[in-house]
Amino acid sequence: EVQLVESGGGLVQAGESLRLSCVASGFTFDDYTIGWFRQAPGKEREGVSCISSRDGTTYYTDSVRDRFTISSDNAKNTVYLQMNSLKPEDTAVYYCAAGPPLGLASIWTYESEYDYWGQGTQVTVSS
């Protein structure tokens with residue numbers, strides 16, 4: 001059974017940090033693309049970051065570039081999202097998702113590229 005389990009969310013003040021974890025099981029982790037998405041209240045879900053477990057290539061949406069870092073520990077089947085300098089607008093439910101290697105870099109934000117999704121973890125940033 002394929003599972004993605006996120007953890008690490010919480011309530012923090014603006015400027016603080018959190019590290020999210022996504023533990024995967026039930027599939028060959030090394031050959032997958034793992035993405036982090038988020039959905040704020042009243043907004044559509046958006047791609048935040050993505051990493052290729054095969055070669056470590058990473059992608060970020062502009063609003064988090066230079067603040068968030070995605071990394072992968074293939075031995076632990078785990079992808080992390082280190083979030084620094086958090087802002088109130090980062091408040092959302094964060095989801096990790098797994099899919100096959102991307103055919104094009106530009107499609108990493110497409111939800112349809114991902115086959116498996118976690119249940120989400122809440123991140124709340126107070127001002």
Side-chain angles (χ1 to χ4, degrees):
E1 178 187 5
V2 174
Q3 274 195 318
L4 296 172
V5 180
E6 305 98 331
S7 63
L11 171 63
V12 296
Q13 293 188 332
E16 294 184 340
S17 300
L18 281 174
R19 188 177 79 157
L20 305 184
S21 299
C22 172
V23 180
S25 61
F27 62 94
T28 306
F29 185 80
D30 291 3
D31 202 29
Y32 268 73
T33 296
I34 307 294
W36 282 99
F37 289 75
R38 67 185 179 186
Q39 187 166 23
K43 295 188 177 181
E44 292 187 354
R45 190 156 56 185
E46 64 169 347
V48 176
S49 183
C50 162
I51 186 167
S52 166
S53 295
R54 174 187 286 176
D55 61 13
T57 303
T58 59
Y59 306 92
Y60 298 93
T61 192
D62 287 345
S63 63
V64 308
R65 199 183 308 277
D66 298 329
R67 298 189 298 123
F68 291 10
T69 302
I70 191 170
S71 61
S72 174
D73 185 337
N74 288 5
K76 295 182 178 180
N77 281 12
T78 301
V79 170
Y80 303 98
L81 185 67
Q82 178 67 43
M83 306 187 296
N84 298 330
S85 302
L86 283 161
K87 303 176 180 181
E89 50 264 43
D90 294 318
T91 295
V93 177
Y94 284 70
Y95 301 88
C96 70
L102 298 172
L104 293 171
S106 59
I107 62 176
W108 73 267
T109 60
Y110 292 7
E111 294 185 34
S112 59
E113 293 298 312
Y114 299 85
D115 299 323
Y116 310 113
W117 291 80
Q119 82 290 349
T121 186
Q122 176 70 48
V123 171
T124 303
V125 184
S126 64
S127 58

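Treat the numbers as computed from the prediction; the structure is a model and nothing was measured. Throughout, numbering of the chain's residues begins at 1 and tracks the sequence.
- By the 4.5 Å heavy-atom criterion applied to side chains, L81 and R38 are not counted as neighbours.
- At least one side-chain heavy atom of D115 sits less than 4.5 Å from a side-chain heavy atom of P100.
- Side chain of E6 to backbone of C96: a donor-acceptor contact under 3.5 angstrom is found.
- Atom CG of residue L4 and atom OG of residue S25 lie 7.5 Å apart, to the nearest 0.5 angstrom.
- Rounding to the nearest 0.5 Å places CG of N84 at 6.5 Å from OG1 of T69.
- Remark: the backbone N or O of V125 is paired with a side-chain donor or acceptor of T91 at under 3.5 angstrom.
- Under the 4.5 Å side-chain heavy-atom criterion for ILVMFWY residues, no single connected hydrophobic cluster contains both I34 and Y80.
- Side-chain contact between P101 and D31 is present, with at least one heavy-atom pair separated by less than 4.5 Å.
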Q. Between W36 and F68, is a ring pair (Phe, Tyr, Trp, His ring centres under 6.0 Å) present by the stated rule, with each step listed?
A. CA-CA 11 Å; W36 282 99; F68 291 10; 9.9 Å; no

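- Counted within 6.0 Å of CG on D66, heavy atoms from surrounding residues, nucleotides or ligands total 12 or fewer; the atom is thus considered open.
- How far CZ of R19 is from CE of M83: 11.5 Å, rounded to the nearest 0.5 Å.
- By the 4.5 Å heavy-atom criterion applied to side chains, C50 and T33 are counted as neighbours.
- Remark: Y116 OH to E1 CD distance equals 11.0 Å, nearest 0.5 Å.
- With rounding to the nearest 0.5 angstrom, the CG atom of D73 is 6.0 Å from the OG1 atom of T78.
- A donor-acceptor distance shorter than 3.5 angstrom exists from the side chain of Y114 to the backbone of W108, with no hydrogens or angles considered.
- Nearest heavy-atom pair across S127 and P88 is CB-CG, 3.8 Å.
- Of all heavy-atom pairs between T109 and G47, the closest is CG2-CA, 4.5 Å.
- At least one donor-acceptor pair closer than 3.5 Å links the side chain of E16 to the backbone N or O of Q13.
- Closest approach of Y32 to G99, counting heavy atoms only: CD2-O, 2.9 Å.
- In the hydrophobic cluster analysis, where Ile, Leu, Val, Met, Phe, Trp and Tyr join through side-chain heavy atoms closer than 4.5 angstrom, V5 is grouped apart from Y94.
- For the pair R65 and Y60, the cation does not sit on the ring face, since its NZ or CZ is not both under 6.0 Å from the ring centre and inside 45° of the axis.
- Contact check for R45 versus W117: side-chain heavy atoms found under the 4.5 Å cut-off.
- Under a hydrophobic-cluster definition in which Ile, Leu, Val, Met, Phe, Trp and Tyr are linked whenever side-chain heavy atoms come within less than 4.5 Å, directly or via other members, V23 and I51 are assigned to different clusters.
- With rounding to the nearest 0.5 angstrom, the CG atom of L18 is 8.5 Å from the CD atom of Q82.
- One N or O on the side chain of S49 and one on the backbone of Y59 form a donor-acceptor pair closer than 3.5 Å.
- Summarising the geometry of S106 relative to Y110, their closest heavy-atom pair is O-CE1, 4.3 Å, with the distance given to 0.1 Å.
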Q: Apply side-chain contact (heavy atoms from CB on, under 4.5 Å) to V123 and L20, showing your working.
A: CA-CA 9 Å; V123 171; L20 305 184; 4.0 Å; yes

